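Below is one structure, written out as structure tokens; the observations come after it.
Source: prediction; values computed, not measured. Residue numbers start from 1 in every chain, and the chains themselves are labelled A, B, ... in the order their sequence lines are given, proteins ahead of strands.
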Amino acid sequence: MPELPEVETLRRELERVLVGQIIKTGKVFWPGTVAPLSSSAFVKKLSGQKITAIRRRAKILLLSLSPSQLTLAIHLKLTGQLVYHPLQPPQRGRDNSPLLRGGARGGVVIGGHPEDPTKHTRAIFHFTDGSQLYFNDLRKFGWLKLLSSNSKEGLLARLGREPLSKEFGWETFKTILQRYPNRRLKQTLLDQTLIAGLGNIYVDESCFATRVMPDRRVKKLTDSEIKKLHRAIQRILKLAIREGGTSARNYVRSDGRPGGFVPYLKVYGRTGKPCKNCRAPITKVKLLGRGTHFCPQCQK
DNA sequence: CACTTGACCTGTCCGC
DNA sequence: TGCGGACAGGTCAAGT
């Protein structure tokens with residue numbers, strides 16, 4: 001679920017609160033999340049490191065660390081979350097009763113943090129100012145990797161164009177599409193080695209906005225449709241970023257609140273509901289092994 | 001090359 | 001109520 005707009009939303013939010021922070025320590029609850037390093041090696045390498053920058057490439061977050069010069073790469077895959085808990089200032093008055101400290105289930109932890117790890121918390125980072133970053137991941141597909149400069153290059157080498165970059169003009173987009181003329185449009189749009197950052201939601205939405213069926217052979221697209229699709233992809237991604245992403249299922253922003261793009265969805269997750277353009281019921285089929293939503297009347 | 005299946009996982013939902 | 005199965009959908013590997 002986290003696609004480019006969701007990861008970019010997190011990048012912007014975390015950049016504000018994490019750059020300059022020093023990692024005091026960490027805890028790993030599911031070793032697979034940090035493989036191939038052991039949990040202890042992972043924590044040891046991170047401890048004492050300062051976060052100097054947070055970038056994004058495709059759906060990957062890249063945290064630059066100093067002085068090690070390593071990069072912490074984070075992929076949320078389907079259900080990953082990064083939730084930041086700022087330090088809660090100690091409170092006074094009756095709420096400060098020791099009885100509430102680390103108290104019973106549902107109790108507030110005064111001067112601590114709003115939540116204990118959930119059963120889906122796979123790792124926690126503790127910063128020297130007392131704040132924490134939780135990595136939650138229901139399905140355990142997400143990962144955290146500590147990379148040298150070389151291994152980082154290796155990881156990023158195969159990724160295609162950033163769809164919101166200056167280099168992604170419509171002519172470039174056309175060239176990319178023509179690379180595999182016999183493919184279905186959806187397959188090329190999802191191919192991270194060609195275009196980096198689109199996922200199932202924004203592909204279906206972009207196809208609807210262009211009034212094109214996702215299973216169209218790429219070579220059958222007209223120039224006018226390619227231009228329209230190019231504009232639609234950029235417009236939808238930008239709007240979704242502005243809205244903080246799409247919380248269709250698990251995704252939340254770094255403060256735990258959902259993104260605001262769901263009301264803008266025209267086809268994704270609207271199976272059987274009337275098309276917002278023509279009232280025909282939105283149809284869902286399986287294409288390339290993925291749930292694929294479209295309007296049978298509007299899209300050709 | 002196009003396309004499918006399975007693997008990695010756990011939760012929700014639906015029909016019986 | 002529980003139980004089995006489909007489904008969610010990012011990515012890669014392996015097979016047809």
- Heavy atoms only: give me the nearest A:M213-A:L185 pair and the separation to one decimal. O-CD2, 4.3 Å

- Message: Hydrogens and angles aside, do A:S148 and A:S151 bring a side-chain donor and acceptor to less than 3.5 Å of each other?
- Response: yes

- First and last nucleotide of DNA chain B, 5' to 3', lying under 4.0 Å from heavy atoms of chain A: B:dC1 to B:dG11

- Any ring pair (Phe, Tyr, Trp, His ring centres under 6.0 Å) involving residues 247-291 of chain A? Give me the pairs, sequence neighbours left out, ordered by first then second residue. A:Y202-A:F261, A:F261-A:Y264, A:Y268-A:H293

- Task: Can you sort out the partners of A:K59 under salt bridge (charged side-chain N to carboxylate O under 4.0 Å, His left out), two or more places apart, ordered by chain and number?
- Result: none

- Rounding to the closest angstrom, what is the interatomic distance between B:dT10 and C:dA13 at atom P? 22 Å

- Salt-bridge criterion met for A:D191 and A:R183 (N-O under 4.0 Å): yes

- Message: Taking only the P atom of each, what is the distance from C:dC3 to B:dC9 in whole angstrom?
- Response: 24 Å

- With a 4.0 Å cut-off on heavy atoms, is A:R179 in touch with a base, just the backbone sugar-phosphate, or nothing at all? nothing

Taking only distance into account, with no hydrogens and no angle test, what donor-acceptor pairs under 3.5 Å do side-chain atoms of residues 26-35 of chain A form with protein atoms, sequence neighbours excluded?
| unit_1 | atom_1 | unit_2 | atom_2 | d |
| --- | --- | --- | --- | --- |
| A:T33 | OG1 | A:W30 | O | 3.3 |

So which protein nitrogen or oxygen atoms get under 3.5 Å of nucleotides 13-16 of chain C's nitrogens or oxygens?
none

- Query: With respect to the phosphate group of C:dT11, does any side-chain polar atom (N or O) of A:K59 fall under 4.0 Å of OP1 or OP2?
  - Reply: yes

- Could you pull out the closest heavy-atom pair between A:G80 and A:D137, with the gap in Å? N-OD1, 3.4 Å

- Query: Is there a donor-acceptor contact under 3.5 Å linking the side chains of A:D129 and A:Q21?
  - Reply: yes

- Could you give the distance separating B:dT12 and C:dT11 at their P atoms, to the nearest angstrom? 24 Å

- Task: Only counting residues at least two apart or in another chain, list the ones meeting side-chain hydrogen bond (donor to acceptor under 3.5 Å, both in side chains) with A:D223.
- Result: A:K174

- Take atom C1' in B:dG11 and the same atom in C:dC12, then report the distance between them in whole Å. 23 Å

- Query: Would you say C:dG10 has OP1 or OP2 under 4.0 Å from some side-chain N or O of A:H75?
  - Reply: no

- Query: If you measure from CG on A:L155 to OG1 on A:T71, what distance do you get to the nearest 0.5 Å?
  - Reply: 10.0 Å

- Message: Distance check, C1' atoms only: B:dG6 and C:dA6, in whole angstrom units.
- Response: 16 Å

- Message: Strictly below 4.0 Å, N to O, side chains only: are A:E13 and A:R253 in salt-bridge contact?
- Response: yes

- Item | Stem list, DNA chain C (Watson-Crick or G-U pairing under 3.5 Å, at least 3 consecutive pairs) | B:2-8 with C:10-16, B:10-16 with C:2-8

- Item | Between C:dG10 (P) and A:I74 (CD1): distance, integer Å | 18 Å

- Message: How many whole angstroms separate atom CZ of A:R57 from atom C1' of C:dT11?
- Response: 16 Å

- C:dC7 and B:dT5: how far apart are their C1' atoms, nearest whole angstrom? 16 Å

- Given A:K266 and A:N277, is the side-chain hydrogen bond (donor to acceptor under 3.5 Å, both in side chains) satisfied, shown in steps? CA-CA 9 Å; A:K266 303 251 170 91; A:N277 184 239; over 6 Å; no

- Message: What residues from residues 137-160 of chain A pass a heavy-atom cutoff of under 4.0 Å to DNA chain B?
- Response: A:L138, A:R139, A:K140, A:F141

- Task: For A:E15, enumerate each residue passing the side-chain hydrogen bond (donor to acceptor under 3.5 Å, both in side chains) test, keeping only those at least two apart in sequence or located in another chain.
- Result: A:R11

- Item | Interatomic distance, A:L61 CG vs C:dG10 C1' [rounded to whole Å] | 15 Å

- Message: Within the 3.5 Å criterion, strictly below it, is a donor on A:Q132 or A:H126 matched to an acceptor on the partner's side chain?
- Response: yes

- Message: Applying side-chain hydrogen bond (donor to acceptor under 3.5 Å, both in side chains) as the test, list every pair that has at least one member in residues 229-241 of chain A; sequence neighbours left out.
- Response: none

- A:R57: partners by side-chain hydrogen bond (donor to acceptor under 3.5 Å, both in side chains), with sequence neighbours left out: A:E162

- Query: If you look at every heavy atom in A:D204 and A:T292, which pair is closest and at what distance?
  - Reply: OD2-CA, 3.5 Å

- Item | Positions of residues 183-202 of chain A (non-hydrogen atom under 4.0 Å from DNA chain B), listed by number | A:R183, A:R184, A:Q187

